[in-house]
Asks: 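This is the structure I want to talk about, given as structure tokens.
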Amino acid sequence: MTSSSPSPVHTIEDYSPCLWVTPKVHLRFELDPHLTVVRAEYEVSFLGDTLSPLFLNGENLEFLSLRLNGTVVDPSEFEITPSGITIFNPPSREFQLTIENRICPSENTSLEGLYQSGSMLCTQNEPEGFRKIVYSIDRPDNMMRFFVTLAGDPKYFPVMLSNGNLIKEFGLSDGKKEVIWEDPFPKPTYLFALVAGDLVETNDHFTTKSGRRVELKIFVEKGNEEKVSFAFDSLKKAMKWDEDTFGLEYDLDLFMIVAVEDFNMGAMENKGLNLFNAKLVLADKKSATDETFESILAVIGHEYFHNWTGNRVTLRNWFNLTLKEGLTVFRDQWFTEDMTDPSVKRIKDILFLKEHQFPEDQGPMAHPIVPKSYTEMNNFYTVTVYEKGAEVIRLVSEILGRETFKKGLELYLNHYDGMGVTFEEFVSSMEEAYGKPILYLRNWYHRSGTPMIDIKKHFDPKEKEWVFTIQDTKPDPYPLIFVNSYAAFDAKGNLIAEGKRIQEGAVDEIRLKTKDGNLSEPIVSFFRGLSSPVLFDAPMTKEEMRILAEQEPDGVSRFFSFQNLIFLWINESIRKGTSSDTLSDILETLRFSFQKNWDKTYFSFYLLFPSLTQISEHLQFYDFPKLETLRKFAITEISKTFTKEFQILYEENRKTIPVQTKEEIGKRRLKNAALYYLLYDPSRNFERLAVTQQREAKHMSEEIAPLRYLIELDSKEKDSAVTHFYDRWKEDSLVLDVWFAAQVATGRNRANDVITLEQHKKFNKKNPNKVRSLYFSFARNPLSFHDVTGSGYKLIADRIKELNGLNPQIAAGLTKLFSSASKQEGELPKIAKRELEEIQNLPNLSKDLGEVVEKIIKSL
Ligand code: ARG
Ligand code: ZN
């Protein structure tokens, strides 16, 4: 598609129900990496009044033949275009349509549709990949029963998989093998999957609450079969949790996961046959970090939970993507909270939201969780649709209470099982459980931007009450409902009041009676645990902040109060230099925290100094070299002040056992936090400690942290640490991803490192994990990407141009990182604009890229 013939924009107003549907399909695949023949035999039906032409989507297909009710159709009766095929005069309201086409999986570098990864063939069809496999009515409100026959050479494809149940497997006379799969549940095209290859099958099983045995299988490429046990455990935990929490049982006798090396995203919930990015399945203690283990738990849970929220009840159209994604992210967050530590998990989720979603919502790519329009749907698998969507569901659960929320979900799944619906059906089920309407909830689906909440206080002498006015600063035209969980403390930090306000609309008031006419001002912690996804500004002195940072019993709010104290110091220092005495408050609070016996993982988070991105986003201040100087100054002060404490902390947690228990994870995290500060000691005496830790590590979390720190510090030990790590892991592609990333994710002037590393024999532009490791990590390193010379922009823009032809989705994702360019100082916005305009003029600009580039250019 060129820029002279713009791609159509889909708007939510234009949605109209599917008139032609295909309730049943027989698919036949003659599998070959270079030339796969696909035949689809549809039962077609018309749901409207007067017959209209029938359109089937189809892209990059080589048309072979078309029959209606078994009879070959004359070419004058239909038209083929680059987007599909139109049959002008369908014979009747119901008929059989057989269509055949060819595709070339090995040349499909977009990794959408049917493609080759290593020696396997696999599919990715969400949202609109099916049309790259075969002509089809490729939209989620067209649901069908799938009967699938796979034929292939058993030498290359000993394993051939599709959704549902394996019906038959047999050899053909020509030496080929044929396998038949049937899925008893109707589903849209986006949930169809196919995998064929020389894969190793690993097995486990789960017995459901009603006593049914479900076979669990994970398929991996040879050599990885020892790395699946954590994934199996995670899957069984997820299956049990969904039964215990929501009463939801798995509905087939077989559940399969395939680990794929080349995958555009994290994973995909195809019915009964989940496909996963290998990095989210394969793990052992030597090669995976604690963070990886936790991601595997969460993503395995996420995809499994989709079986009900997404598959059994699916979407009517793509505008409603958040209906399944927001809800399922909320479910996986809840699951992970239950399996790990609720406060720590909530802190991580809020940090992620603030670092990624809040900026998206305030930048050129902002959109409501139900977008009003899209050109390329792939561009809308965003942190807004997913993570903000999940926050809105969390809000619902806070309004209803978790038990009523469970009832609402049960009603929703019962009412709409087997259907494609919208967020409206979800909300009305929740209202049914609640017993009354939830005012303004729907506006959360339509309003974009992070709500800014202004909080003011005054004393009401008549009532002898402190009054806090809570105000949404931009309620029009979409006033919202908020949950405000709060707690009030006296000057000594004693809890004096606690509550959960439901605010309907722009303004609310929280009134706090003073004790016995005692006028001392209460210190209030608002939106505890981020009970609504808002930015809020509460009037608070430094002393009050400290009280919350030390005494707030809610660990999440205590953590963020401490962060606020740090942000306060940075903000003061930007204006007045580092002399501000708030630093001594930070040090005092840290001293206090050392004496507490907080949970180890929790304490490790508390000790983490905010990253440059977190700081700049919080303060909306983008002079990164300046922020870095301040950050390093503070970390060095902390290091000097608590050298003894960090040494003790390090020693206490030095000996760890490489297992995934809360205790050992906590120890590894604390030990790494201590090491980080020790490395900032001006004596540079502790670099040996980092080197030793890396060499003696028994777990990847212990091995990678020192490497990252030495790189961040540009230590003299850096080069040998990098080499040592490589020599140890050169045969493990997933570990090398981490190695590539570590070298460019921190520090200045990493553009040259990117240029060197992309020449490395283990780097491969066609593999999305590698591209994410190198280019995305670099573009998320603000010191290097936003380098004043524009070298970072130039580098990434050039790589985007290459990726445009290779993998438009990945190219568009990388381009989104230019969203923050408009906020940068000096020439940078201009340079970004020039680079993006060059991309826009590419002769073969993909629609993925076109849509993103256009929006960002407008902001520059
Ligand atoms: N539905 C998948 C999941 O969230 C992700 C699919 C992403 N698709 C895409 N085109 N980016 O579990
Ligand atoms: Zn999902």
Side-chain angles (χ1 to χ4, degrees), residues 59 108 110-113 115 122-133 138-140 163 187-193 234-235 238 242 257-258 260 262-277 279-281 295-315 318-336 360 365 369 371 374-390 393 420 768-769 771-772 776 807-816 846-849 851-852:
E59 287 172 16
N108 180 359
S110 72
L111 312 190
E112 189 185 50
Y115 66 93
C122 63
T123 53
Q124 170 57 36
N125 293 325
E126 183 180 5
E128 299 179 332
F130 197 71
R131 61 189 62 180
K132 293 176 148 193
I133 296 177
D138 187 15
R139 43 187 284 176
N163 317 86
K187 63 173 179 287
T189 47
Y190 84 86
L191 289 171
F192 169 77
S234 303
L235 177 58
D242 220 13
I257 288 176
V258 182
V260 185
D262 305 289
F263 209 64
N264 276 349
M265 55 219 85
M268 180 62 214
E269 70 268 20
N270 318 298
K271 184 78 185 187
L273 178 55
N274 285 189
L275 263 63
F276 270 66
N277 188 321
K279 75 168 179 216
L280 290 165
V281 187
S295 307
I296 291 174
L297 176 77
V299 179
I300 294 245
H302 180 95
E303 305 310 330
Y304 174 74
F305 301 144
H306 266 316
N307 191 53
W308 280 97
T309 50
N311 300 6
R312 285 291 287 262
V313 177
T314 192
L315 309 177
W318 291 116
F319 300 104
N320 281 281
L321 180 60
T322 197
L323 172 67
K324 74 177 176 80
E325 295 304 345
L327 176 55
T328 306
V329 170
F330 174 64
R331 273 153 55 66
D332 85 53
Q333 291 178 346
W334 185 346
F335 166 63
T336 309
E360 177 171 274
M365 302 303 299
I369 61 173
Y374 62 86
T375 301
E376 170 52 61
M377 188 56 208
N378 272 317
N379 287 332
F380 287 83
Y381 287 75
T382 59
V383 283
T384 297
V385 167
Y386 276 63
E387 273 72 23
K388 185 180 181 179
I393 305 295
N769 287 354
V771 171
R772 280 185 279 260
F776 281 67
N807 189 328
Q809 250 180 83
I810 298 290
L814 190 54
T815 308
K816 286 181 185 177
S846 64
K847 66 171 169 166
D848 309 55
L849 204 44
E851 180 174 29
V852 174

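Since we're looking at a predicted model, the values are computed, not measured. Counting begins at 1 with the first residue of the sequence. As the structure lists them, so they are numbered: ligands from 1, and atoms in each ligand from 1.
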Asks: Using the benzene-type ring in the case of Trp, are the ring centres of Tyr190 and Trp318 under 6.0 Å apart?
Replies: yes

Asks: Contact between Glu376 and Gln809 at the side-chain level, heavy atoms closer than 4.5 Å - yes or no?
Replies: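 No, side chains not in contact.
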
Asks: List the residues meeting salt bridge (charged side-chain N to carboxylate O under 4.0 Å, His left out) with Arg131, not counting sequence neighbours, and say none if there are none.
Replies: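 By the salt bridge (charged side-chain N to carboxylate O under 4.0 Å, His left out) rule, Arg131 matches Glu59, Glu128, Asp138.
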
Asks: Can you run down the salt bridge (Lys or Arg N to Asp or Glu O under 4.0 Å) pairs that involve residues 297-309, sequence neighbours left out, and say none if there aren't any?
Replies: none

Asks: Can Asn264 and Asn807 be counted as having a side-chain donor-acceptor contact under 3.5 angstrom?
Replies: yes

Asks: Residues in side-chain contact (heavy atoms from CB on, under 4.5 Å) with Asn108, at least two apart?
Replies: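 Residues passing side-chain contact (heavy atoms from CB on, under 4.5 Å) with Asn108: Ser110, Tyr115.
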
Asks: Below 2.8 Å, any N, O or S contact between Glu325 and the Zn ion (ligand 2)?
Replies: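 Coordinating: yes.
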
Asks: Among the N, O or S atoms that His306 has, which is closest to the Zn ion (ligand 2)?
Replies: NE2

Asks: Do Leu321 and Glu126 have side chains that get closer than 4.5 Å, going by heavy atoms?
Replies: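 Sidechains of Glu126 and Leu321: in contact.
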
Asks: Please output the residues near ligand 1 using a strict heavy-atom distance under 4.0 Å, listed in chain and residue-number order.
Replies: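 Within 4.0 Å of ligand 1, the protein residues are Glu126, Pro127, Met265, Ala267, Met268, Glu269, His302, Glu303, His306, Lys324, Glu325, Asn378, Tyr381, Tyr386, Gln809.
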
